[in-house]
There are 2 protein chains.
Amino acid sequence: MEVSEDAALTTALRRGTIEYCVLALLDKRELYGVELVQQLSTGLGMTTSEGTMYPLLSRLRRNGRIATTWREAPAGPPRRYYTLTPDGEAALTHFRTEWVAFRSGVDRILGTEIR
Amino acid sequence: MEVSEDAALTTALRRGTIEYCVLALLDKRELYGVELVQQLSTGLGMTTSEGTMYPLLSRLRRNGRIATTWREAPAGPPRRYYTLTPDGEAALTHFRTEWVAFRSGVDRILGTEIR
DNA sequence: GGCGTTGCCTTGCAGTGCAAGGTACCTTGT
DNA sequence: ACAAGGTACCTTGCACTGCAAGGCAACGCC
C-alpha cells in the first residue's frame, strides 16, 4: 500500500514534465528510445517505461518538436535516433521559464524553498 | 494558441500538486471552498476553478485526509470549513519529501538548479 | 417578492502515464 | 541450419485528475 501510493504520487507528478525532460536530454545529444528510458531512470528517480516513452515520442514527432533517423546498431536491431527541431528547442526554452515559476509557487505554498 | 498551450502546459504541471497545496494551506488555518480557490490563485499562478476544487475536496474527505464543519457566514450562505486530519498531516509531510526529490531531479535534467 | 451574490456541487470530457501484450531483427549456442 | 534469447520498436485499453459548463440553495438588498 505504501509502495503503490508512492507510485501513484510520483506518477501524478511526472505529468507534463516527462515530455520536457525528454526534450532536455535530446538537447545534449541524440538518443534512441530505450536509451531515453535508461537516462531518465538513472538521471534520477524519473523511472518510466517504454509504454510511456513511445507514445510520447510519437506525439512529439507529430507536433514537430523532434525529428528521427534510423541508424544501424553495432549489434542488435536498428535504432531510431531522435533529435530536437528548432520548434523543440523553443518549446524547451519556454518550458524552463514556466517550470521555474511553477516550482517557486509550489515551494512557497509547501514551505520547501531552498534557503 | 500561445495562451491555450500555456494553459495546457500548466494544467499538466498542476497534476498531483494541487491536492497537496490544498493540504498545505489547510495546515495553516481552516478554510472553505471558495477561499481555497482564491488563496491558490493569489498564492501564486496556481489559478484553478471550483470545478476542480470540489471534486478534489470530496476525494480528500473520502480518503480521510481532511474533515469538515459547517459554519454560519456573517453574510450569505453557510460555509463548509475544512481542516487537516492526522492522516492529512502525515500525507503532507510525506509529500514534501517526495516533492523536493522530484523537483531536484527535474532541475538537474533541465539545468534549472538554483545556485 | 424579485434579483444579484455567494457558496456548494455534479456531469461529461480531454490529456497522459502505465501495464500488458505483440512484432521484428539480430546474435549466439548447438 | 535452427532454436533460443536479447534488443528495440510499437499498440491497446485503462485509470486518474483537472476543467468547462451548468445547476441549486441560502442570504441580503431593493
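Throughout, protein chains are lettered first and strands after them, A, B, ... in sequence-line order, and every chain is numbered starting at 1.
Here the side chain of Arg14(A) is nearest to one of dC18(C), dC10(D), dG7(C), namely dC18(C).
An OP1 or OP2 oxygen of dG18(D) is reached within less than 4.0 angstrom by no side-chain nitrogen or oxygen of Thr11(B). One finds a side-chain N or O of Arg79(A) lying less than 4.0 angstrom from the OP1 or OP2 phosphate oxygen of dA8(D). OP1 or OP2 of dA8(D) has at least one side-chain nitrogen or oxygen of Tyr32(A) nearer than 4.0 Å.
In this structure, Ala73(B) and Arg59(A) both approach DNA chain C, and ranking their closest nucleotides by distance from the 5' end singles out Ala73(B).
In this structure, Tyr20(A) reaches neither bases nor backbone, as no heavy-atom distance under 4.0 Å exists between it and the strands shown.
For the pair Arg80(A) CZ and dT7(D) P, the interatomic distance rounds to 21 Å; values are reported in whole Å. Taking atom CG of Leu31(B) as the reference point, atom C1' of dT6(C) lies 17 Å away to the nearest angstrom. Atom CZ in Arg62(A) sits roughly 12 Å away from atom C1' in dG15(C) (whole-Å rounding). Per the geometry, CG belonging to Leu57(B) stands 14 Å off P belonging to dT17(D), to the nearest Å. Atom P of nucleotide dC26(C) and atom CD of Glu72(A) are separated by 7 Å, given to the nearest angstrom. Atoms CG (Leu13(A)) and P (dC16(D)) sit 16 Å apart, rounded to a whole Å.
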Protein-nucleic acid N or O pairs under 3.5 Å, nucleotides 21-26 of chain D:
none

Between the protein and nucleotides 28-30 of chain C, are there any N/O to N/O pairs under 3.5 Å, and if so, what are the atom names and distances?
none

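Stacking of Arg80(B) on the aromatic ring of Tyr32(B) is not recorded, the 6.0 Å distance cut-off and the 45° axial limit not both being met.
Smallest separation of non-hydrogen atoms from Tyr20(A) and Leu92(A): O-CD1, 3.8 Å. Across all non-hydrogen atoms, the minimal contact from Ala91(B) to Leu23(B) is CB-CD1, 4.4 Å. Looking at every heavy atom in both residues, Leu40(B) comes nearest to Cys21(B) through CD2-CB, 3.9 Å.
Between Phe95(A) and Trp99(A), the two ring planes are parallel [angle under 30°; tilted spans 30° to 60°].
Salt-bridge formation is not detected for the pair Glu72(A)/Arg79(A): no Lys NZ or Arg NE/NH1/NH2 atom is positioned less than 4.0 Å from an Asp or Glu carboxylate oxygen.
At a cut-off of 3.5 angstrom, counting only N and O atoms as typed in the model, there is a donor on one side and an acceptor on the other between the side-chain of Arg15(B) and the base of dC16(D).
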